There are 2 protein chains.
Amino acid sequence: MSRTKMAPTKLKKTAAGTGAETGSPDISWQAQKSAMTRDRILDAAINCFVELGYTHVTTARVADSAGVSRGAMLHHFPSKPELIQAAVEYLHNKLLEDYTARVTAIPTKLKGKARRRAGIDAYWAHLTGDLFVVYHELLVASRTDPELERILASSQQLFEQHVRETNESLFSEWQDRGDRFLLAMDVTKFLMEGMAASRLMTDRTARVNRLTNYLADRLEEIFLEGDSSAVGRHTKRS
Amino acid sequence: MSRTKMAPTKLKKTAAGTGAETGSPDISWQAQKSAMTRDRILDAAINCFVELGYTHVTTARVADSAGVSRGAMLHHFPSKPELIQAAVEYLHNKLLEDYTARVTAIPTKLKGKARRRAGIDAYWAHLTGDLFVVYHELLVASRTDPELERILASSQQLFEQHVRETNESLFSEWQDRGDRFLLAMDVTKFLMEGMAASRLMTDRTARVNRLTNYLADRLEEIFLEGDSSAVGRHTKRS
DNA sequence: GATAAAAAACAGACGTGACTGATTAAAACA
DNA sequence: TGTTTTAATCAGTCACGTCTGTTTTTTATC
């Protein structure tokens, strides 16, 4: 938004004054302030990713959005690649938080089928949020950006692992379903990510709703498969 | 702005009717040469999209890749946006050709289930080709590029319609399946596009194979649904 | 039909604006 | 006062678009 300095929101100094402040020796007040500026800059960077798109982000815009001068920012992040790396890791953490928050927010009284359906809807909300949109853009950009690929390769793996562990604990009824749990997660993941990535399709909401319902039915089918007549229908081929 | 496709039609009128050249060649040598250069430039542009990624493409690189000078290119495409628009439309046509070619290449002796499976594999080959990767990148970039969004919005619609018509004629056994045909196409489209977009996942081939087999089974299910006990299972909800 | 004029295609150099990183000056703090 | 943090300015690079000049093809005139 507006440029202006508005001087870094002077946070209170807690009467630190004399420098005694043995109360917090490890983290000096300067360090706190520095860390706050860092976070402000990283938040601004994410914001720029959302509003401008990864390729249109410049150091000047991030600094402006954060309300600091370029000099100040370059003090914290000496070069653009270092800023990008920090911002991507920051985004990665926010993504994890977002997914975890949405899934753990499912009422505990929901059980069985209703709970699984709520999980689908939570994942869809996660996928259509700004954070995932930006993350997806980064993944695409990484095809021709080795540095970005290096940064994302690890976080991608960590994210999948985290999602899997979270799901294993929150949907523990799949515990004895073995590989069928992985199949269910993959079907959900790729079908919904495919839908999320198609921004320009016609009849979006109608098709999304139909496919989401279809997916929910398939997950029930996979879950109950051991008890139905459809055993082994899609385990191997070719 | 709009640079209509056929540049060669810019022939002058030769109003001074000497009458001698009433049978003048409709397409002069000059026009042919111009069109050839145009196509060389557009091919080079697509190539740059593939090798460098949309965001790293510059007019100089395209000209260099095409083997013409920047001045020559600027003569055919006065500005970068005009070049991009022409290149995107060119890419769109190549995409249509690619899909059509792959699907029509399915042996006619394949029938029923085997034919449907071949369709899935053909679509997967299409999605993992360079052309679709680039198209997907453009789609992502269009989020923060209004001009690109305008160009893609129409081509996206045209592509879906073309695919639908092609499939209707090549998989005519779905003719009386009504909406279930649309469902089958959507499930295929989004699940496979979701897989294609995930470049960095672990165990890629194994998971892709499993999901592809799963998808093939689901399509058979949808196709046979009218004759099975599963009628109406996933037609409506909320 | 030959030749000159006109138009189109092609080629390269220049200026402008934007972005990055470095350097220097000011301010806040201990 | 001395050090750390913030602000402002400078130089180098890159990409784009305009400009001018050259070659090739078409049209007009004799």
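Naming convention: chains lettered A, B, ... in sequence-line order (proteins, then strands); numbering from 1 in each chain. These numbers come from a predicted model, not from an experiment.
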Side chain to side chain contact (heavy atoms under 4.5 Å, CB included) assessment of T212(A) paired with D121(A): CA-CA 8 Å; T212(A) 305; D121(A) 293 336; 4.1 Å; yes
Position toward the 5' end of DNA chain C (nearest nucleotide), G71(A) or K80(A):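 Nearest-nucleotide comparison on DNA chain C picks K80(A).
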Residues K94(B) and E97(B) bridged, charged N to O under 4.0 Å: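 Looking at K94(B) and E97(B), the cut-off is not met.
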R207(A)/E160(B) salt bridge by N-O under 4.0 Å criterion: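 Here E160(B) pairs with R207(A) in a salt bridge, since their nearest N and O are under 4.0 Å apart.
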Reference residue Y123(B); test side chain to side chain donor-acceptor pair (under 3.5 Å); the match among R102(B), E193(B), K189(B):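 The passing option is E193(B).
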Spacing between [X] atom [atom1] and [N] atom [atom2], to the nearest angstrom:
X: H76(B); N: dA11(C); atom1: NE2; atom2: P; result: 9 Å
X: I84(A); N: dC19(C); atom1: CD1; atom2: P; result: 14 Å
X: R38(B); N: dA8(C); atom1: CZ; atom2: C1'; result: 15 Å
X: R40(B); N: dA9(C); atom1: CZ; atom2: P; result: 14 Å
X: M36(B); N: dT24(D); atom1: CE; atom2: P; result: 16 Å

Contact check, side chains of F77(B) and T59(B), non-hydrogen atoms, under 4.5 Å: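 F77(B) vs T59(B): side chains apart.
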F171(B) side chain reached by T166(B) side chain, heavy atoms, under 4.5 Å: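 Not touching, per the 4.5 Å side-chain cut-off.
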Sidechain-backbone polar pair: H56(A) side chain, L52(A) backbone, donor-acceptor under 3.5 Å: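 The answer is yes, because a donor-acceptor pair under 3.5 Å joins these two groups.
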Listed nucleotide nearest any side-chain atom of L74(B), set dC16(D), dG21(C), dT18(D):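 When the side chain of L74(B) is considered, dT18(D) is the closest of dC16(D), dG21(C), dT18(D).
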A72(B), nearest nucleotide to its side chain (from dA7(D), dA11(C), dG17(D)):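 Comparing dA7(D), dA11(C), dG17(D) against the side chain of A72(B), the answer is dA11(C).
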Contacts under 3.5 Å, N or O only, protein and nucleotides 24-26 of chain C:
none

Counting just side-chain N and O atoms, does [X] come under 4.0 Å of either OP1 or OP2 of [N]?
X: H56(B); N: dA15(D); value: no
X: T37(A); N: dT5(D); value: no
X: H75(A); N: dT6(D); value: no

Worked check of side chain to side chain contact (heavy atoms under 4.5 Å, CB included) between V140(A) and R199(B): CA-CA 9 Å; V140(A) 170; R199(B) 299 185 315 109; over 6 Å; no
Spacing of NE2 belonging to H162(A) relative to CZ belonging to R164(A), to within rounding of 0.5 Å: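 Going from the NE2 atom of H162(A) to the CZ atom of R164(A) covers 14.0 Å.
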Distance (rounded to the nearest 0.5 Å) between L215(A) CG and L211(A) CG: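 So the gap between those two atoms works out to 8.5 Å.
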Axis-to-axis angle between the two ends of the helix from dG1(C)-dC30(D) to dA30(C)-dT1(D) (five base pairs per end, rounded to 10 degrees):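 Terminal axis comparison yields 20°.
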Test applied, side chain to side chain contact (heavy atoms under 4.5 Å, CB included); reference residue, S142(A); option that passes from E137(A), E149(A), Q156(A):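 Result: among E137(A), E149(A), Q156(A), E149(A) is the only option passing the side chain to side chain contact (heavy atoms under 4.5 Å, CB included) with S142(A).
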Polar pair under 3.5 Å, donor/acceptor by atom type, side chain R70(A), base dG21(C):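 Answer yes: a donor N or O sits under 3.5 Å from an acceptor.
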Step-by-step side-chain hydrogen bond (donor to acceptor under 3.5 Å, both in side chains) determination, Y90(A) to D43(A): CA-CA 8 Å; Y90(A) 191 74; D43(A) 273 319; 3.1 Å; yes
Residues from residues 58-69 of chain B lying under 4.0 Å of DNA chain C - heavy atoms: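 Residues of residues 58-69 of chain B under 4.0 Å from DNA chain C: V68(B), S69(B).
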